[in-house]
Amino acid sequence: MRKIDIIVPCFNEGQVLNLFFDETVKVISEIKEYDFEILFIDDGSSDNTIDILKQFASENDFVRYISFSRNFGKESAMYAGLKNSKGNYAVLLDADLQHPPALIPEMIKAMEEGFDCCCANRAGREKDSKILNFFKRRFYRLINKISEVNMPDGAGDFRMMNRKMINAVIAMSEVQRFSKGIFSWVGFKTRWISFENVERAAGETKWSFWKLFKYALDGITAFSTAPLKIASVLGIFISISAFIYLIFIIVKTLAFGIDAPGYASIIAILLFIGGIITFSCGILGEYIAKIYMEVKNRPVYIIRDSNIEDERDDYR
Ligand code: UDP
Ligand code: MG
């Protein structure tokens with residue numbers, strides 16, 4: 001029988017796991033054509049998440065878990081899940097029921113129709129804060145413009161993929177992972193479906209505004225070199241302006257002699273150019289930092305405990 005892996009990253013989700021499990025089991029018990037395995041990734045939780053997972057595993061033979069040695073982040077958890085999945089298809093699901101398991105049958109249908117991937121898009125974000133939504137929209141506009149990847153607004157990680165696509169995603173073994181970009185970069189035929197945005201069933205979101213901002217910056221530097229080009233274009237633009245101004249000053253001095261006052265303009269220009277140089281160095285720094293982290297080639301995750309016999313670690 002064909003097999004589907006349900007991959008669930010969990011970070012301090014003790015409050016919601018039982019709810020999630022009941023709901024998911026209800027959905028998959030009605031699908032008779034496939035074998036299911038639920039693969040929980042405990043991303044270094046400090047609550048009782050791991051105890052609940054162990055209990056699920058002892059009571060159900062279709063439950064697997066991997067527990068990290070510390071919190072590595074959702075990106076790492078998803079990567080570990082995909083790397084350890086053996087099914088024909090795998091679906092990524094949040095533990096907080098914000099990704100309704102009820103959509104799984106529809107996703108399977110898309111896969112049977114010949115799609116390589118079925119991605120569920122969040123429609124409407126009314127429940128999130130207005131400022132956050134504003135920045136999220138700007139981010140998607142920007143990244144779609146300046147990178148070769150195409151990410152629809154609201155496209156999250158809630159998606160089912162076939163083996164070909166899973167293997168492609170795993171092959172992209174970069175340490176600093178930005179899945180939205182990776183999924184888009186690998187290509188494949190994707191069916192888009194949408195679902196109503198729901199609030200998390202229990203517990204709290206792990207994303208602060210600052211974390212999201214850093215994540216957005218990571219996404220841009222991971223999939224676009226446009227900022228580097230902006231720095232060079234600014235440099236060229238300022239050099240040309242400075243040159244024109246230089247000629248202007250020389251001509252003016254020759255024609256009218258030297259007039260000493262000019263403090264304000266000198267300071268203004270100095271500060272402006274100083275700012276641009278610092279800004280450009282900052283951009284360079286972002287990319288150098290990326291190269292530095294990537295060159296170290298550290299594992300994306302470290303497994304502390306698991307009930308998979310031949311679990312795949314990420315010692316590169
Ligand atoms: N998550 C994780 N590691 C982290 C942060 C989050 O595995 O460091 C998991 C979390 O348990 C949940 C999913 O990623 O299953 C989405 O997290 P959350 O609901 O906090 O994000 P939001 O839905 O608010 O974007
Ligand atoms: Mg959530």
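When a ligand or atom number is given, it counts from 1 through the structure's own listing order.
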Problem set entry | Trp185 atom CH2: more than 12 heavy-atom contacts under 6.0 Å | no

Exercise. Restricting to N, O or S atoms of Asp96, which is nearest to the Mg ion (ligand 2)?
Worked result: OD2

For this session: Look at the side chain of Ser45 and the backbone N and O of Asp47, then say whether any donor-acceptor pair between them is shorter than 3.5 Å.
Result: no

Problem set entry | Under 4.0 Å to a heavy atom of Gln98 - the qualifying atoms of ligand 1, by number | 19 (O), 22 (P), 23 (O)

For this session: Please write down residue, atom name and distance for the protein heavy atom closest to atom 14 (O) of ligand 1.
Result: Lys74 CD, 3.2 Å

Exercise. Among Phe11, Trp207, Phe40, which residue places a heavy atom closest to atom 2 (C) of ligand 1?
Worked result: Phe11

Exercise. Any N/O/S atom, backbone or side chain, of Thr205 lying under 2.8 Å from the Mg ion (ligand 2)?
Worked result: no

Problem set entry | Atoms in ligand 1 flagged as close to Ala95, the criterion being non-hydrogen separation under 4.0 Å | 15 (O)

Exercise. Parallel under 30°, tilted from 30 to 60°, perpendicular over 60°: which one fits the rings of Tyr301 and Phe68?
Worked result: parallel

For this session: Pull out every atom of ligand 1 sitting under 4.0 Å from any heavy atom of Thr205, numbered as shown with elements.
Result: 20 (O), 21 (O), 22 (P), 24 (O)

For this session: Give the ring-plane orientation class for Phe195 versus Phe158, where under 30° counts as parallel, over 60° as perpendicular and anything between as tilted.
Result: perpendicular

Exercise. So which of Arg200, His99, Lys211, Glu13 gets nearest to atom 18 (P) of ligand 1, if we judge by its closest heavy atom?
Worked result: Arg200

Seminar exercise, completed: for atom 20 (O) of ligand 1, nearest protein heavy atom and its distance come out as Lys206 N, 2.7 Å

Seminar exercise, completed: CG (Asp5) and OG (Ser85) are apart, to the nearest 0.5 Å, by 4.5 Å

Exercise. Considering only the protein, which heavy-atom contact is closest to atom 9 (C) of ligand 1, and what is its distance?
Worked result: Pro9 O, 3.7 Å

For this session: Measure Asn71 to ligand 1 on non-hydrogen atoms and call it side chain, backbone, both or neither using the 4.0 Å cut-off.
Result: side chain

For this session: Describe, in one word, how the ring planes of Phe20 and Phe40 are oriented to each other, choosing from parallel (under 30°), tilted (30 to 60°) and perpendicular (over 60°).
Result: perpendicular

Exercise. For Ala77, is at least one N or O under 3.5 Å away from an N or O on ligand 1?
Worked result: no

Exercise. In terms of ring plane angle, is the pair Phe62 and Phe21 parallel, tilted or perpendicular, where the classes change at 30° and 60°?
Worked result: parallel

For this session: Give the minimum heavy-atom separation between Ile303 and Ser306, together with the two atoms involved.
Result: CG2-CB, 4.2 Å

For this session: Would you confirm whether Asp94, through its side chain, and His99, through its main-chain N or O, come within 3.5 Å as a donor-acceptor pair?
Result: no

Exercise. For ligand 1, is any non-hydrogen atom under 4.0 Å from Asp43's backbone (N, CA, C, O), its side chain (CB onward), both, or neither?
Worked result: side chain

Problem set entry | Heavy atoms from other residues, nucleotides or ligands near NZ of Lys145 exceed 12 (cutoff 6.0 Å) | no

Exercise. Using a heavy-atom cut-off of under 4.0 Å, does the side chain or the backbone of Cys10 touch ligand 1, or both, or neither?
Worked result: backbone

Exercise. Can you list the atoms of ligand 1 that are under 4.0 Å from a heavy atom of Asp96?
Worked result: 19 (O), 23 (O)

For this session: Could you tell me the residue and atom name of the protein heavy atom closest to atom 13 (C) of ligand 1, and the distance to it rounded to 0.1 Å?
Result: Asp94 OD1, 3.4 Å

